[in-house]
Amino acid sequence: MTTTVHRPAPVGRAELLARLERVLHTRGRALLTGPAGIGKTEMALAAAAQAESRGETVLWLATLPADRDIPGAAAAALLASVRASVSWPAAHSPGPGGPGAADALEALPGPQRSAVAMLCREAPIPEGGWDPIALRLALAQILRTLAARAPVLLVVDGVQHIDADSADLLRFALHLAPPALRVIAAETPSAYAPTAPGPGATPQDSAGPEALWVPSEADVLFVPALHADEIAELLVHHRLPSRMAGRIHRASGGNPRLALAVGRSLADARTPVHHAEALSLSGRARDLARQLLGAASPAVRSTLLLAALALRPTASLIRRAGRATAEADLAAAERANLITLTEDGTVAFSAGVLPSTLVHDACWNERSAGHTALARVVNDPVEAVRHRALAADTPDEHLAHEVAAAADTARRRGNSALAAELALLAAESTPVEHGGQRIARLVDAAEEAARAARADLAMRAATDLLARDATPADRVRARLAVLDTAGQGLGDLDETYVHAMEDSEDDTALRAAVQLRLAVKYVLADGDPVRSRAAAVESARLAASVGDRQTATRALTVQARMERVLGSSEEQRVLAEARALELVDRPLGIRNAAQILTIRHALFDDRLTDARDQLNALLPLVERRGTVEDAIELFRTLAEIEARQGLCAAAVAHAGRSLALTLEAGLSPGPAWYALALAETAGGSFARAASYARRSVQASEEEGDRVFLSRSLYALGRVQLVAGDVADAVETLRRVRTDEQAQSTVDPSMLRWHEELAEALVAGDAPEEAAFLLAGVRPVAERLGRTTVLLGCDRAYALYLAASGKPEEAAELLTETAERFDAAGLPLERGRALIALARVERRRRRRSSAQNALQTAAAVFERTGALPWLALAAETPSRSAEPDPARGGAPTSLTEAELRLAALVREGASNQEAAAKLYLSVKTVEARLTRIYQKLDVRSRAQLATALNSWPAHRPPPETTDGPASP
């Protein structure tokens, strides 16, 4: 069967697909191998689509497990695929390359044709069976005839299921096949297949790639698991919850089929999930996990259950726990791609859903026996207590006390995740008659879970506590823990805030804490900085009244952030007050500290060296005792600073590290993707930058995070603009404007969309709207002293001047702006102004000045490592007017709107007629036509028509010869 679907490279497989094409070109044979669900079929489909696009015939043979027991099943299916090939329909008349498929079958000698009919069950099979030699020759002749007409790609998907008779036939046919017939075989290795056939083995015993040919090392391509970032891209592609990409990657181990099943399971559940251990999997995800585990024997699964129950499983530990065959069982599991084994015997499951499914499907007696066995042999008392508690069938106060002490030990060791698990286990091990102790332990467990960012454990503890007769203060503390582990997704927790407010009515300190969380929620989820500021002010007042300096500091920090958003002159005073309190009572982390806000304000003010020095000073503190959220915040902010500063390689590296930590921790990747979009725009790739920005948009929308939604849209619109996608940039940046206005944002330095939208509007032939926008933002920037914002406005305004027929003024302003950007320590902005200057000078026909500006810009970009900008600066004035094949022969310097007008003028339309057809004013048409003349260095309509006629895609159609000649 010939596929007709044109597929791009599967996510994360572009390099592997290119390698597959090289192997096919040089060897003619390629074997794709890897575990079930890893994407072998998708790879083969993509290669088949490429082959079909080149005019090749594609034959697809997909086998099933039952085929191994049906003699000739695969060969018959292949012949059916030949007949169904759309490249050779049965009714096709013979061409110069040979006969059609039906004719090729008819041309076979009688014995061969009869054998084919028997194989395909079109004729009765005699008692002695079909003639295997005739079938061999028939299949070989059919494939040779097919390949003589056009190159053929044969795809055998599931080669391990080929029956022995078909394997014999195909092996013979491929041995005689010409080079024009290439083969892809996809194989899922068996966990227990011997490496070589044993004595007396039959061909069916060794079914696999060797059944068709003996693959060499060069033929074999192992399809690896996807990285976390690739899983995120896969989820975006399938419109699944990308905000949980890190958790889904850990649960699936990078297996695409399993990752999609997990993602769909979570999407169908429609419940907020905030940690990999909390993935409430069901349906397809569990079924796929069970299918993977089905490759192991019951004995191996029993060994794997012990590994799943242990905190640090090793072959030695499992053997000492009673599995004498541990090493052999684990080796078999590794062959089945269920685990990996290090040299010291440490066991790691290939996908997180596998151990959770093993535990989920085991009965209580099996789990209890496993924990009891492990408790006897582990050499860590904390782990021993954990196993004894999990093996216990009834609550016990003495045991609960031991578990609580073990949680304290784990906390002192710095293992916050284990401390949180043990704290909850201590509460759940407390007998009902010790109700007060159980509630106290549940509160501790919830708060310990918040410190460990374990939302699943916090929710379990809070749910248990709220079902009991707890005090209002205890209920508030449990709910605050839930709120603190919600990450960016605060939109679904309104009821939690309401109950927390009610229960904190008589406790000033707790009311201050609740108001602080509300202040964060109002800005992130509701996009309301006014309410956020009011809640922060109230929180700071209440906290100060009871001497709670930590809460007061955090509240003042939120207030200072909102003062900046709202353009208030109180920003610096409030931030200074927060910093003063912070020096007295140093916070446990830096993520929401006043010190970080001070650094971010320096970033907004373009005091970049100062901001970077302060962040680098914090790095040792974060590495010594910071949380993962602290490290993520530090690297993300550092990447933003370096991208702005022109330290491009460092920006990309730090943004990448922020994303890696984010995905590893299972947090929302939206903020890290935003930072990567900025960094890639500066020093990576415009295409990758746009991809990361789109992912950030989707993740922020999923989380209901209004702040990062605006930021990621800004990053997307900016890269669309600089990459030349003007119409999309205008649409995206107008959306940013709408969102920022809805959020009452005043300060233009925090998100510099104004200058980008103004430039996009000028490029999109809306210069008056751009001028109106700049006239509105300039007084605000002047009042707040945002000098570099004004520089960005000057660059955009210069482009407006050029579009308005004032190129001399535009060139003068751009020259001055570039110099001032240089003085401000903003090399990329300087280079961008120089590129704009070169374009203006080109329109003035000052080619030497334009070339000098481009060369200076190129030197700036080369020095900073701004690779995508360097490519822009490499465009010379002469090249810019050359035809661009990607746009059908249009010159790269003309916009789509200018091309439409130029085409009308070429056809003889007057300015008035063009204005009517384009729904523009005559004045706009005149200005646009002037720009076209300047860009293309033409002086008349006749010269413009000549230039257009020289571009193949824009030549007038030739005169028809079907009718009578014109007089």
Side-chain angles (χ1 to χ4, degrees), residues 674 677-678 680-682 686-687 689-690 693-694 696-697 709-741 745 748-778 781 788-804 810 813-814 817 821 828-829 831-840 843 868-869 872 875 880 887 890 892-901 918 920 924 927-928 931-932 935:
Y674 164 71
L678 296 182
E680 287 285 347
T681 301
F686 288 153
R694 289 190 181 94
S696 184
V697 168
L709 177 58
S710 290
R711 293 181 184 180
S712 53
L713 284 169
Y714 157 76
L716 177 59
R718 182 169 180 260
V719 73
Q720 286 172 334
L721 175 60
V722 298
D725 301 329
V726 175
D728 289 340
V730 169
E731 181 181 354
T732 303
L733 292 167
R734 277 178 172 162
R735 185 178 171 189
V736 176
R737 176 175 62 185
T738 300
D739 288 354
E740 289 292 282
Q741 289 174 347
T745 303
S749 68
M750 301 181 72
L751 200 63
R752 304 189 181 206
W753 57 267
H754 308 80
E755 62 197 67
E756 307 296 348
L757 178 55
E759 180 175 341
L761 290 169
V762 171
D765 292 306
E768 299 308 320
E769 183 182 349
F772 179 79
L773 172 62
L774 293 172
V777 71
R778 187 177 292 277
T788 54
V789 171
L790 293 170
L791 288 180
C793 292
D794 287 342
R795 176 182 52 78
Y797 186 69
L799 296 174
Y800 163 77
L801 290 174
S804 303
L813 181 56
L814 284 170
T817 302
F821 272 131
L828 300 191
E829 293 300 322
R832 186 174 177 183
L834 288 169
I835 288 179
L837 174 61
R839 290 171 178 166
V840 172
R843 296 177 188 179
W869 293 92
L872 287 183
E875 180 186 304
S880 66
R887 293 176 60 179
T892 58
S893 62
L894 295 188
T895 67
E896 294 295 337
E898 290 168 344
L899 281 171
R900 288 194 294 270
L901 175 58
L918 296 175
L920 297 173
T924 300
R928 187 178 296 177
R931 291 199 301 274
I932 294 172
K935 288 183 177 183

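Put simply, CG on Asp794 and CG on Leu799 are 11.0 Å apart, with the number rounded to the nearest 0.5 Å. Between Leu774 atom CG and His754 atom NE2 the span is 9.5 Å, to the nearest 0.5 Å. The distance from the CD1 atom of Ile932 to the CG atom of Leu901 is 4.5 Å, given to the nearest 0.5 Å. Remark: Thr745 OG1 to Met750 CE distance equals 7.5 Å, nearest 0.5 Å. Atom-to-atom distance recorded for Tyr797:OH and Arg778:CZ is 8.0 Å, nearest 0.5 angstrom. Here CD of Glu740 is found 9.5 Å from CG of Leu709. Values are rounded to the nearest 0.5 Å.
Taking every heavy atom of both residues into account, Val762 and Ala803 meet most closely at CG1-CB, 3.8 Å. In this structure, Cys793 and Val777 approach most closely via the heavy-atom pair SG-CG1, 3.6 Å. Nearest heavy-atom pair across Leu791 and Thr817 is O-CG2, 3.6 Å. Counting all heavy atoms, side chain and backbone alike, Ala798 lies closest to Ala810 at O-CB, 3.1 Å. For the residue pair Thr681 and Pro868, the shortest heavy atom distance occurs at O-CG, 3.5 Å. The two residues Gly792 and Phe821 make their nearest non-hydrogen contact at N-CZ, 3.8 Å.
When the shell of 6.0 Å around OH of Tyr714 is examined, it contains more than 12 heavy atoms from other residues, nucleotides or ligands.
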(message) The test is side-chain hydrogen bond (donor to acceptor under 3.5 Å, both in side chains); show your working for Ser696 and Arg711 and say whether it passes.
(response) CA-CA 9 Å; Ser696 184; Arg711 293 181 184 180; over 6 Å; no
(request) Please step through side chain to side chain contact (heavy atoms under 4.5 Å, CB included) for the pair Leu872 and Arg832, ending with a clear verdict. (result) CA-CA 9 Å; Leu872 287 183; Arg832 186 174 177 183; over 6 Å; no
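The pair Arg839-Glu759 does not meet the salt-bridge criterion, since no charged nitrogen lies less than 4.0 angstrom from a carboxylate oxygen. Salt bridge Glu769/Arg734: present, at least one basic N to carboxylate O contact under 4.0 Å.
In this structure, the side chain of Trp753 does not engage the main chain of Pro748 through any donor-acceptor pair within 3.5 Å.
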Residues 717-725, side-chain donor-acceptor partners within the protein, below 3.5 Å, at least two apart:
unit_1, atom_1, unit_2, atom_2, d
Arg718, NE, Glu756, OE2, 3.4
Gln720, OE1, Thr732, OG1, 2.9

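With contacts defined as side-chain heavy-atom distances shorter than 4.5 Å, the pair Val736/Leu751 qualifies.
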